[in-house]
2 protein chains.
Amino acid sequence: MLTSMSTSLHHRAVEHLGTRIVGGALPTGHVMLAEHLEDELNVSRSVVREAVRVLQSLGLVETIKRVGIRVLPAHRWNPFDPLVIRWRLAGEGRGAQLRSLAELRSAVEPVAAELAAGNAPESLRQELVGISLAMKEAGDAGDMARFLDLDIRFHALVLSGSGNEMFANLIGQVTETLTGRTVHGLMPEHPQKQALQWHMDVAHAIDARDGSLARDAAAKIMRQTIAELAPSWDDQPRVFVPVARN
Amino acid sequence: MLTSMSTSLHHRAVEHLGTRIVGGALPTGHVMLAEHLEDELNVSRSVVREAVRVLQSLGLVETIKRVGIRVLPAHRWNPFDPLVIRWRLAGEGRGAQLRSLAELRSAVEPVAAELAAGNAPESLRQELVGISLAMKEAGDAGDMARFLDLDIRFHALVLSGSGNEMFANLIGQVTETLTGRTVHGLMPEHPQKQALQWHMDVAHAIDARDGSLARDAAAKIMRQTIAELAPSWDDQPRVFVPVARN
DNA sequence: GAGTTTTGATGTCAGCACACATCGGTGTCA
DNA sequence: TGACACCGATGTGTGCTGACATCAAAACTC
């Protein structure tokens, strides 16, 4: 059979099905047969079954005896799973996913900054101050590549410094949005002076253990970020998940 | 061995391993052999392997050839996965998990209220106003069971009304914290008058499409909630995840 | 139309071949 | 004699397959 694969068959199967479901090629309600997937992917039952089990745990499919493997509606997918996020960013849902992430950031980062002011270890506070200064240097010099690196590390440190593992877990997704923003040219050629100052404000407020100051400065960064990005997803429809009647 | 299982062997295997890892019975770095798990659970290889694949996708374990199945450190676990959250709530990590969820709520709900004011469909706005009034009735009457139901639905509607699928996905976890709070007697016997008023403020602000008013009122609710709950997790140590150097 | 049987898919089991990281022995060279 | 590189044995995850169990949808009977 096919040889010379660098990734495992399991990984390939999960990826294949995940991208096609999240990407919309396999619509909600679509039913597949395990046996059919075997020859479609040229793999054995074990590989298909293990992949389906993983997708099941992500809420992408359900298995029904005597019926097959059914694709679940999008509102059943776990929107926080890194795989699901990556698949959405790679497909049609990119715009909506970026908006969701940006709104989540705008909610979380101010609170993370406030918590970091109360809890972060000393070394992290100092690194944060150093990075905010380096960001200003890079920004004034117009060195956008270096600025992006510093920006990513800055926000990662704030999330990590909150001491909340759920916030810290968002580092990857935030990194994704920051790089995505510059790659897609949604970034001003020079960072706004205000934004540079706000980053320094956040760092110094955290260093000074002033929670509300840190929160307010972070909120300003988020408001500006949202304002910059909002036009690019104005056309994305919003989906309202029905609330289960108890 | 045990018979009369209503759940599948796969489900049982995932549950068995998940609870023991998250609960701390299987420490970080502990290595298991697939074969050993087979006779520990009295199941076949396929069941063990499919369960391990699911746990792998949750970040709980990694498989290494020639070594076995190794338990990963807690900071590798997906803290947003419903299974992981449930296992943490059921075990040692309960306090830390409740704090994480409360902090996440305090970050998300004000922004969700703000977004709901801008986006929620008409019917949802009206139901929200109705529920806030019913909450006041139930609160004044001291009917705490009814109040809890209404409270849960209120916050679920706000999250749903935001039109952000990540926010809406937190409904389950928020419900968990609300019920947990009353079950564990951390709830005042009568709801605070202020809190009742703030809920009505949120509902009316959303109905009136006043985003900042809705956000501020929701933030007040969250501040009070955090203040009520904070004493119960004062002793929980915070964990700071190291930020990967790019 | 209610109850029963048939059917066809997933669920589970057990055995095999293969890939490959680790360990220990062997051989070479200084 | 000692240090180091090489190499094969070993064990364990990965993948494949045939067989049987289970159970719910669908067809059938009355």
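Below, each value reflects all heavy atoms present in this structure, side chains not excepted, and no hydrogens, waters or symmetry copies. Every chain is numbered from 1, with letters handed out A, B, ... down the list of sequences.
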Using atom CD1 of A:Ile69 as one end and atom P of D:dA24 as the other, report the distance to the nearest whole Å. 17 Å
If you go through the side-chain atoms of A:Lys65, does one of them form a donor-acceptor pair with the base of D:dT22 closer than 3.5 Å? yes
If I take atom CD in residue B:Gln56 and atom P in nucleotide D:dT14, what distance separates them, rounded to the nearest angstrom? 7 Å
Tabulate protein N/O versus nucleotide N/O from nucleotides 8-10 of chain D, keeping only pairs under 3.5 Å, one per line.
{"from": "D:dT10", "atom 1": "O2", "to": "B:Arg66", "atom 2": "NH1", "distance (Å)": "2.3"}

Answer yes or no: does a side-chain N or O of A:Arg53 lie under 4.0 Å from OP1 or OP2 of C:dG11? yes
From NE2 of A:His10 over to C1' of D:dG15, roughly how many Å is that when rounded to an integer? 13 Å
Distance criterion of 3.5 Å, no angle test: do you see the side chain of B:Arg45 paired donor-to-acceptor with the base of D:dG15? yes
Could you work out, with salt bridge (charged side-chain N to carboxylate O under 4.0 Å, His left out) as the rule, every residue matching B:Glu50, not counting sequence neighbours? A:Arg49, A:Arg53
Among the nucleotides C:dA9, D:dG13, D:dA25, whichever has the atom closest to the side chain of A:Leu33 is C:dA9
Donor-acceptor contact below 3.5 Å, side chain B:Asp151 vs main chain B:Phe147: no
Less than 3.5 Å apart, which donor and acceptor atoms pair up between the side chains of residues 171-178 of chain B and the rest of the protein, not counting sequence neighbours?
{"from": "B:Thr175", "atom 1": "OG1", "to": "B:Ile171", "atom 2": "O", "distance (Å)": "2.9"}
{"from": "B:Thr177", "atom 1": "OG1", "to": "B:Val174", "atom 2": "O", "distance (Å)": "2.7"}

Residues A:Thr63, A:Val52; criterion side-chain contact (heavy atoms from CB on, under 4.5 Å); working and verdict: CA-CA 8 Å; A:Thr63 60; A:Val52 167; 3.7 Å; yes
Between atom CD in B:Glu35 and atom P in C:dA14, what is the gap in whole Å? 12 Å
B:Arg105 side chain vs B:Met222 backbone, donor-acceptor pair below 3.5 Å: no
Find which nucleotide of DNA chain D each of A:Val67 and A:Val47 is nearest to by heavy atoms, and output the residue with the more 5' nucleotide. A:Val47
Say you draw a straight line from CG of B:Asn169 to CH2 of A:Trp77; how long is it, rounded to the nearest 0.5 Å? 13.0 Å
Numerically ordered, the residues 25-32 of chain A set in heavy-atom contact under 4.0 Å with DNA chain D is none
Measure CD/B:Glu38 against P/C:dC13 and give the value in whole Å, please. 9 Å
So does B:Ser44 get a side-chain nitrogen or oxygen closer than 4.0 Å to the phosphate oxygens (OP1/OP2) of C:dT12? no
D:dT17 OP1/OP2 closer than 4.0 Å to side-chain N/O of A:Ser46: no
Quick check on C:dA9: is either OP1 or OP2 less than 4.0 Å from any side-chain nitrogen or oxygen of A:Thr63? no
Identify all side-chain donor-acceptor contacts of residues 20-33 of chain B below 3.5 Å with residues at least two apart in sequence or on another chain.
{"from": "B:Arg20", "atom 1": "NH1", "to": "B:His16", "atom 2": "NE2", "distance (Å)": "3.3"}
{"from": "B:Arg20", "atom 1": "NH1", "to": "B:Glu40", "atom 2": "OE2", "distance (Å)": "3.3"}

Under 30°, 30 to 60°, or over 60°: which ring-plane class applies to B:His199 and B:His155, parallel, tilted or perpendicular? perpendicular
Nearest whole angstrom, please: distance from the P of C:dT12 to the CZ of B:Arg49. 15 Å
Report yes or no: does A:Thr7 contribute a side-chain atom to a donor-acceptor pair with the main-chain N or O of A:Arg12 at less than 3.5 Å? no
Where at least one partner belongs to residues 232-244 of chain B, residue pairs that pass salt bridge (charged side-chain N to carboxylate O under 4.0 Å, His left out), sequence neighbours excluded: B:Glu103-B:Arg238
Take atom CD of A:Glu50 and atom P of D:dG13, then tell me their distance rounded to the nearest Å. 13 Å
Rounded distance (Å) that lies between atom P of C:dG11 and atom CD of A:Glu62: 11 Å
